[in-house]
Amino acid sequence: MAKYYDIDDIITDEEIVAVIFQKAASGVGIDPSSETDCVEVGSKVELPFWLAHELQQRQAVSMNIPTSFNQNTRLEIQADSACVDLRSQCPYFYEFGCKIAPLVGARNIGPLLLSAFKSRYKEVLTKAHTAAFTAASKNLTILTKEETNLYEAAQSSMAAFKKWRMGGPRFQKASILGRKRKSNE
């Protein structure tokens, strides 16, 4: 499951998924307001992904496709992917999609992730290279964690390129080397 030192992977595993119990379970205490510590067959419960995955491996539950990967989200992404607030649906949309797709048997999650990333990738890079700070901060609120990292990397590389283009350290080193050679002659 989670990579031991990767906090993003740990947070991804905390995403809530809906499950349906295939076997009765006693002594679990999922609902603290319940009088019994028993979950009946067919009960619908929301659990963290790491627990749902473990229970599914033991064939105790079946997972449902999360709402962040349903038909409505797919249609929104197809209509205008740049305006879809994926962060509010799932901050780790791409990582979580890759983890859950094989478990729920949804073959359409992979193409959804690919089309969303391809269309949003261009927008993220364009905004990172051209957007003013105020527009950028508004844009960052709808980006997933992966897209935010991509945006920040694009801004950093653009700043480094501009610094290089304006004659940053490369010209200073060259002029220092030139002076040393002249003094040695």
Side-chain angles (χ1 to χ4, degrees), residues 1-25 28 30-31 39-128 131 135-155:
M1 289 300 294
K3 297 173 194 134
Y4 191 73
Y5 291 112
D6 187 355
I7 190 68
D8 291 333
D9 198 48
I10 293 168
I11 294 171
T12 302
D13 282 351
E14 290 294 322
E15 239 357 272
I16 301 298
V17 294
V19 299
I20 299 173
F21 273 82
Q22 304 298 314
K23 297 178 181 177
V28 291
I30 291 176
D31 185 7
V39 178
E40 300 296 325
V41 175
S43 297
K44 294 180 182 179
V45 179
E46 290 186 337
L47 300 172
F49 174 72
W50 63 268
L51 180 56
H53 181 241
E54 192 65 35
L55 290 173
Q56 185 174 12
Q57 286 180 331
R58 297 176 187 197
Q59 299 176 345
V61 301
S62 63
M63 273 192 253
N64 295 333
I65 297 173
T67 57
S68 50
F69 304 105
N70 67 12
Q71 184 65 22
N72 290 342
T73 304
R74 184 173 293 104
L75 293 173
E76 287 176 8
I77 289 172
Q78 288 173 350
D80 189 6
S81 63
C83 296
V84 179
D85 186 1
L86 290 179
R87 175 181 271 178
S88 67
Q89 292 184 25
C90 180
Y92 295 89
F93 181 78
Y94 301 105
E95 290 178 3
F96 186 56
C98 289
K99 286 183 173 196
I100 200 151
L103 300 176
V104 294
R107 294 181 185 203
N108 55 2
I109 291 179
L112 170 68
L113 296 174
L114 182 61
S115 68
F117 186 76
K118 283 169 56 176
S119 60
R120 290 170 65 95
Y121 175 78
K122 293 175 188 175
E123 285 290 322
V124 168
L125 291 182
T126 301
K127 288 181 180 176
S137 62
K138 181 183 176 196
N139 182 45
L140 288 175
T141 61
I142 66 168
L143 300 180
T144 66
K145 182 68 172 171
E146 297 89 356
E147 292 168 341
T148 303
N149 291 342
L150 179 65
Y151 179 88
E152 291 169 354
Q155 278 197 323

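Y151 and Q155 are linked by a side-chain donor-acceptor pair at a separation below 3.5 angstrom, with hydrogens and angles left out of the test.
Ring orientation note: the planes of F69 and F96 are tilted relative to one another, at an angle of 30° to 60°.
When the side chain to side chain donor-acceptor pair (under 3.5 Å) test is applied to S119, the partners found at least two apart in sequence or on another chain are S81. With sequence neighbours left out, S115 forms a side chain to side chain donor-acceptor pair (under 3.5 Å) with no residue at all. The side chain to side chain donor-acceptor pair (under 3.5 Å) check on Q71 picks up R74, with sequence neighbours excluded. With sequence neighbours excluded, the residues forming a side-chain contact (heavy atoms from CB on, under 4.5 Å) with A154 are L125, A128, H129, listed by chain and number. For Y92, the ring-ring contact (aromatic ring centres under 6.0 Å, His included) test picks out no residue, with sequence neighbours left out. Scored by the side chain to side chain donor-acceptor pair (under 3.5 Å) test, Q56 finds no partners at all (sequence neighbours excluded).
In this structure a side-chain-to-backbone donor-acceptor pair under 3.5 Å is present from T126 to K122.
A salt bridge links R58 to E54: one of the charged nitrogens lies within less than 4.0 Å of a carboxylate oxygen.
For the side-chain hydrogen bond (donor to acceptor under 3.5 Å, both in side chains) criterion with Q89, the lone passing option out of N70, T73, T144 is T73.
Within 6.0 Å of atom CD in Q57, more than 12 heavy atoms from other residues, nucleotides or ligands are found, so the atom counts as buried in its surroundings.
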